[in-house]
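Down below is the structure, laid out as structure tokens.
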Number of protein chains: 2
Amino acid sequence: MPGPYKWRHRFQGYVCRWTLPREAILDLLSRTSKHMSAKEIYATLYSMYPGIGLTTVYRTLDLLVRSGMINRLSFGDGQNRYEFRSGKKEEHHQHLICTKCGRIIDCSDLFTEQLELLKKAEDVLTKKYNFTVLDHNIEFYGLCEKCKKS
Amino acid sequence: MPGPYKWRHRFQGYVCRWTLPREAILDLLSRTSKHMSAKEIYATLYSMYPGIGLTTVYRTLDLLVRSGMINRLSFGDGQNRYEFRSGKKEEHHQHLICTKCGRIIDCSDLFTEQLELLKKAEDVLTKKYNFTVLDHNIEFYGLCEKCKKS
DNA sequence: AATGTTAATGATAATCATTTTCAATAATAA
DNA sequence: TTATTATTGAAAATGATTATCATTAACATT
Ligand SMILES: [Mn+2]
Ligand SMILES: [Mn+2]
Ligand SMILES: [Zn+2]
Ligand SMILES: [Zn+2]
């Protein structure tokens with residue numbers, strides 16, 4: 001909402017009109033490191049933009065997922081979460097999920113190991129299942145620093 | 001429902017009573033290779049056991065997850081799915097998910113590659129994030145054989 | 001800048017998976 | 001066989017997400 005639209009140009013030809021909610025939601029997700037739910041996004045934006053509707057948040061998130069700007073994540077806690085998607089391939093990262101408190105930690109330290117797994121995977125999956133890999137997802141479940149103590 | 005209870009002994013001390021629904025649900029999951037939703041399980045059992053209730057299916061699935069007999073999977077299609085959990089560690093497998101038709105394929109062919117990734121992961125995650133890995137999950141998204149053609 | 005077209009919004013209602021409630025049932029110990 | 005109570009299942013409640021539709025506002029045209 002503050003200032004001019006920074007993201008409009010990314011949607012040339014994808015949508016007809018660029019609007020305040022779209023700018024606000026994408027802007028929020030591009031700034032935060034959290035993995036926010038629709039309701040959390042709604043609550044955050046509501047404080048500075050009380051006119052916004054939850055329906056529009058859902059609709060816009062869907063648009064942003066379809067156009068590849070954000071990722072939709074489901075960790076099995078009953079609601080989807082969203083994260084900004086960097087354009088760079090090297091930014092593909094993993095998630096550590098604390099099974100006790102639900103904390104989600106980003107991890108980008110397994111790049112080469114991941115690449116090796118992927119290389120082998122694409123090979124095996126293509127040959128054996130005739131399956132074309134387009135994307136992948138790796139998650140680690142366990143206990144975070146805090147929860148280990150308590 | 002048919003025959004004697006095959007699974008009762010696995011729950012010694014875990015539950016007080018072993019019942020028909022519990023036996024039937026676990027038996028079904030132990031036989032199928034599908035990744036079934038609660039409603040699918042309910043529908044399947046209903047044909048041979050019309051007395052069963054959807055609530056009990058949900059409750060029992062929860063019990064079986066908590067006691068480690070089955071896995072709860074969420075592929076982001078709005079409903080959880082369940083699979084029987086083999087006791088053997090070597091059976092840890094991946095899922096290939098077709099983004100077009102939703103088909104889910106089991107894959108156990110990346111065992112050594114996975115182990116290497118895991119070994120490195122546990123190391124990095126412990127040192128850098130002080131996170132204790134208890135479990136992990138790897139998924140591949142793409143196009144299945146059928147969907148590639150059409 | 002004012003106007004017209006219609007894409008986009010937001011309040012409301014609907015849907016759908018899952019959970020809660022609670023009286024009835026059935027597993028098991030006595 | 002009887003008593004105890006864990007478990008069940010119908011019904012209602014919840015919570016996330018989607019559909020409807022009248023209103024609004026983006027923006028192309030004047
Ligand atoms: Mn992330
Ligand atoms: Mn599986
Ligand atoms: Zn934690
Ligand atoms: Zn397919």
Side-chain angles (χ1 to χ4, degrees), chain A residues 1 4-26 35-67 70 72-82 102, chain B residues 1 4-26 35-67 70 72-82 102:
Chain A
M1 50 232 14
Y5 290 170
K6 290 194 304 181
W7 297 103
R8 169 184 269 148
H9 65 288
R10 300 287 292 268
F11 288 86
Q12 299 289 12
Y14 214 98
V15 292
C16 294
R17 302 172 185 177
W18 194 242
T19 64
L20 202 78
R22 288 174 179 177
E23 176 78 14
I25 291 169
L26 190 47
H35 303 78
M36 301 180 83
S37 68
K39 203 180 287 182
E40 285 169 350
I41 292 167
Y42 170 71
T44 303
L45 293 181
Y46 192 83
S47 58
M48 48 179 114
Y49 176 23
I52 200 167
L54 183 56
T55 306
T56 300
V57 172
Y58 275 109
R59 244 183 326 229
T60 304
L61 288 170
D62 213 58
L63 168 71
L64 296 176
V65 169
R66 284 198 319 271
S67 58
I70 65 176
R72 171 180 283 136
L73 311 167
S74 52
F75 295 118
D77 64 334
Q79 61 194 39
N80 292 136
R81 296 181 171 278
Y82 301 86
Chain B
M1 43 231 23
Y5 290 170
K6 291 194 303 181
W7 297 103
R8 169 184 269 149
H9 66 286
R10 301 287 292 268
F11 288 86
Q12 300 289 12
Y14 214 98
V15 292
C16 294
R17 302 172 186 178
W18 194 241
T19 63
L20 201 78
R22 287 173 179 178
E23 176 77 14
I25 291 168
L26 190 47
H35 303 78
M36 300 180 83
S37 68
K39 203 180 287 182
E40 285 168 351
I41 292 167
Y42 171 72
T44 302
L45 294 181
Y46 192 83
S47 58
M48 48 179 114
Y49 177 21
I52 200 167
L54 182 55
T55 306
T56 301
V57 172
Y58 275 109
R59 245 184 324 229
T60 304
L61 288 170
D62 214 57
L63 168 71
L64 296 176
V65 169
R66 282 197 320 268
S67 58
I70 65 176
R72 172 178 281 136
L73 310 166
S74 53
F75 296 118
D77 64 333
Q79 62 193 43
N80 290 327
R81 298 181 169 279
Y82 301 85

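Reminder, nothing fancy here: chain letters follow the sequence lines and each chain counts from 1.
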Problem set entry | Aromatic ring pairing B/Trp18/B/Phe11, orientation class (parallel under 30°, perpendicular over 60°, tilted between) |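 Parallel.
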Rounded to whole angstrom units, what separation is found between the [atom1] atom of [X] and the [atom2] atom of [N]?
X	N	atom1	atom2	answer
B/Tyr5	C/dA26	OH	P	11 Å
B/Glu23	C/dA27	CD	C1'	14 Å
B/Lys39	D/dG9	NZ	C1'	17 Å
B/Leu61	D/dG9	CG	P	13 Å
B/Tyr82	C/dA17	OH	P	12 Å
A/Gln79	D/dT18	CD	C1'	16 Å
A/Arg72	D/dA16	CZ	P	15 Å
A/Tyr58	D/dG15	OH	C1'	9 Å

Exercise. For DNA chain C, whose closest nucleotide is more 5', that of A/Val15 or that of B/Trp18?
Worked result: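 With A/Val15 and B/Trp18 compared, the 5'-side residue is A/Val15.
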Problem set entry | Given DNA chain C, 5'-ward residue of the pair A/Cys16 and B/Ser37, judged by closest heavy atom |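 Mapping each residue to its closest nucleotide by heavy atoms, the 5'-most match is A/Cys16.
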Phosphate oxygens OP1/OP2 of [N]: is one of them under 4.0 Å from a side-chain N or O of [X]?
X	N	result
B/Arg22	D/dT8	yes
B/Asn80	C/dT18	yes
A/Tyr49	C/dG10	yes
B/Thr56	D/dT7	no

For this session: Record whether the side chain of B/Thr55 comes under 3.5 Å of the base of D/dA11 through a donor-acceptor pair of N or O atoms.
Result: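 Looking at the base of D/dA11, it does pair with a donor or acceptor on the side chain of B/Thr55 (distance under 3.5 Å).
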Exercise. Is a donor-acceptor pair below 3.5 Å formed from side chain A/Arg17 to base C/dT6, judging by atom type as modelled?
Worked result: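 Yes, the side chain and the base share a sub-3.5 Å donor-acceptor pair.
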For this session: May I ask you to say what B/Arg59 touches in the nucleic acid, namely base, sugar-phosphate or nothing, with a heavy-atom cut-off under 4.0 Å?
Result: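 Base contact - B/Arg59 has a heavy atom under 4.0 Å of at least one base atom.
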Problem set entry | Nearest heavy atoms of B/Ile25 and B/Thr56, plus distance in Å |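 That would be CD1-O, 4.3 Å.
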Problem set entry | Closest non-hydrogen atom pair, A/His35 against A/Arg81 |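 Shortest heavy-atom separation between A/His35 and A/Arg81 comes out as O-NH1, 2.8 Å.
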For this session: Could you tell me whether the side chain of B/Tyr82 and the main chain of B/Asp62 form a donor-acceptor pair under 3.5 Å?
Result: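 Such a contact is absent between B/Tyr82 side chain and B/Asp62 backbone.
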Problem set entry | Polar side-chain atom of B/Gln79 near backbone of B/Ala38 as donor-acceptor pair, under 3.5 Å |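 Answer holds: no.
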Exercise. Closer to the 5' end of DNA chain D via nearest nucleotide, is it A/Gly78 or B/Leu54?
Worked result: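 Whichever sits nearer the 5' end wins; that is B/Leu54.
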